[in-house]
Number of protein chains: 2
Amino acid sequence: MAVLAGRGADAVTIRGIAARVGVAPNAVYTYFPDKAAVVRGLAEHLLGRVDHDRFTDPSQPRRELVRALALELRTKLPAHPGSVHLMLGHPPDGPHTWAVRETLLAVLADAGLGPGDAADASHLIDVHILGSVAVEAAAGPEGSAVAAARFRWGLEQLLDGLAAYAVPAGVERPAPR
Amino acid sequence: MAVLAGRGADAVTIRGIAARVGVAPNAVYTYFPDKAAVVRGLAEHLLGRVDHDRFTDPSQPRRELVRALALELRTKLPAHPGSVHLMLGHPPDGPHTWAVRETLLAVLADAGLGPGDAADASHLIDVHILGSVAVEAAAGPEGSAVAAARFRWGLEQLLDGLAAYAVPAGVERPAPR
DNA sequence: ACCTGAACACCGTTCAAGT
DNA sequence: ACCTGAACACCGTTCAAGT
């Protein structure tokens, strides 16, 4: 985390981390089997910083909750530009990743989406977040404000599309397959 | 291109390309200033293979055209899984890239989107394509069919959202700002 | 269990030199 | 203009050895 924050994603390297800890490069292999595991652990730790419980407040409109969670992920995920490039190669799958995914799925299901639709919708939002950040990182740091605005614009279009699937609470809907 | 197709994205390397051509590694620097330029050229060449003129047929519904172009890009772009990982770091900006972008913008404008909305919508579709392929590549080759299906599903939600912005042809719309 | 030194097989890039 | 040999400053990873 210190290396990522201080010297950028390119410096996140086995040797760089080892140097930061003051240890020989191969000493890292005592704790991680390979670099992929290190990066996965890093992404997991980043997702652990997301306070996802905040987005289950049932007094808020569902659309508001989904929007807020998506925005939180989009802003917290890339601590440093280029960190996405790292975790794009090695997707996280630890408990924190799972917890965030569960929260999003729960809100979507609560909004009236069936299990299959909720899974597809969750994946769609994932893709939008990762794609947006990746394109922003690729374009360089100059168009960061534009990218954020376009993310929000796109998110609204996407939520509009999903709204058709959202059956209001209390209304009959088909049984889950 | 031969290296990418034959030995994967990881083998797309200055030294690998040089070896394939039968030349010393540094000879590549006669033609390209650095590796980023090589990858950009590669992405440009890939986009040149997209027959984007096919998607301007005015007899087809606009939504059909946008959908078809998006699907064409999604299938042609990653010749090999992981090629996205390459061009995500070095976004292409050559004439072919421009031509494809122009075609998409034209169809969107033709569908009744104002210039600003068309630009945002084009970017949204870009993000969805790149995000989808990137997530697929990250997940590994096993879930490729699922990823493609989810791309199409998400694309429909996205088109539903955009449909609200599409003023039918012949109808008055606000003057471009 | 945890660390080291040394090595292996790679990278991108540069430099000086040749034709 | 186009290529070479040699080198520099890096990588991830492994191996044998130490405590």
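Protein chains get the first letters and strands the later ones, always in sequence-line order, with residue 1 at the start of each. Side chains are part of it too, since the values below use all heavy atoms of this structure and drop only hydrogens, waters and symmetry mates. Just so it is clear, the model here is predicted, and its values are computed rather than measured.
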Nearest-Å distance for atom pair CD1/C1', residues B/I14 and D/dC11: 16 Å
Have a look at B/Y29 and say if it touches a base, only the backbone sugar-phosphate, or nothing, with a 4.0 Å heavy-atom cut-off. base
Options D/dG12, C/dT13, C/dC3, nucleotide nearest the side-chain atoms of A/T13: D/dG12
Mind checking who C/dA9 pairs with, Watson-Crick or G-U wobble, both distances under 3.5 Å? none
Rounded to the nearest angstrom, tell me the gap between atom NZ in A/K35 and atom P in C/dC10. 18 Å
Counter-base of C/dA1, judged by Watson-Crick or G-U geometry with both distances under 3.5 Å: D/dT19
Atom-to-atom span, CG of B/D10 to P of D/dC11 - whole angstrom: 18 Å
What is the separation between atom CD1 on B/I17 and atom C1' on C/dG12, rounded to the nearest whole Å? 12 Å
Within a strict 4.5 Å, meaning less than it, do heavy atoms of the B/L65 and B/T56 side chains meet? no
For A/V127 and B/V135, the nearest pair of non-hydrogen atoms, with its separation, is CG2-CG2, 4.1 Å
On DNA chain D, check which nucleotide each of B/Y31 and A/D34 is closest to and give me the residue with the more 5' one. B/Y31
If you count every heavy atom of other residues, nucleotides or ligands that lies below 6.0 Å from B/D10 atom CG, does the total exceed 12? no
Can you check the distance between D/dC2 and C/dA16, where both ends of the measurement are the C1' atom (answer in whole Å)? 15 Å
Whole angstroms only, please: what is the CZ-P distance between B/F32 and C/dT13? 13 Å
Just checking, is any N or O donor in the side chain of B/S122 or B/R101 under 3.5 Å from an acceptor N or O on the other one? no
From C/dC3, C/dG12, D/dT4, pick the nucleotide closest to the side chain of A/T30? C/dC3
Of the nucleotides C/dA7, C/dT4, D/dT4, which has the atom closest to the B/A27 side chain? D/dT4
Which whole-number value in Å describes the distance from A/R15 CZ to D/dT14 C1'? 12 Å
When rounded to the nearest 0.5 angstrom, what is the spacing between CD in B/Q60 and CZ in B/F55? 10.5 Å
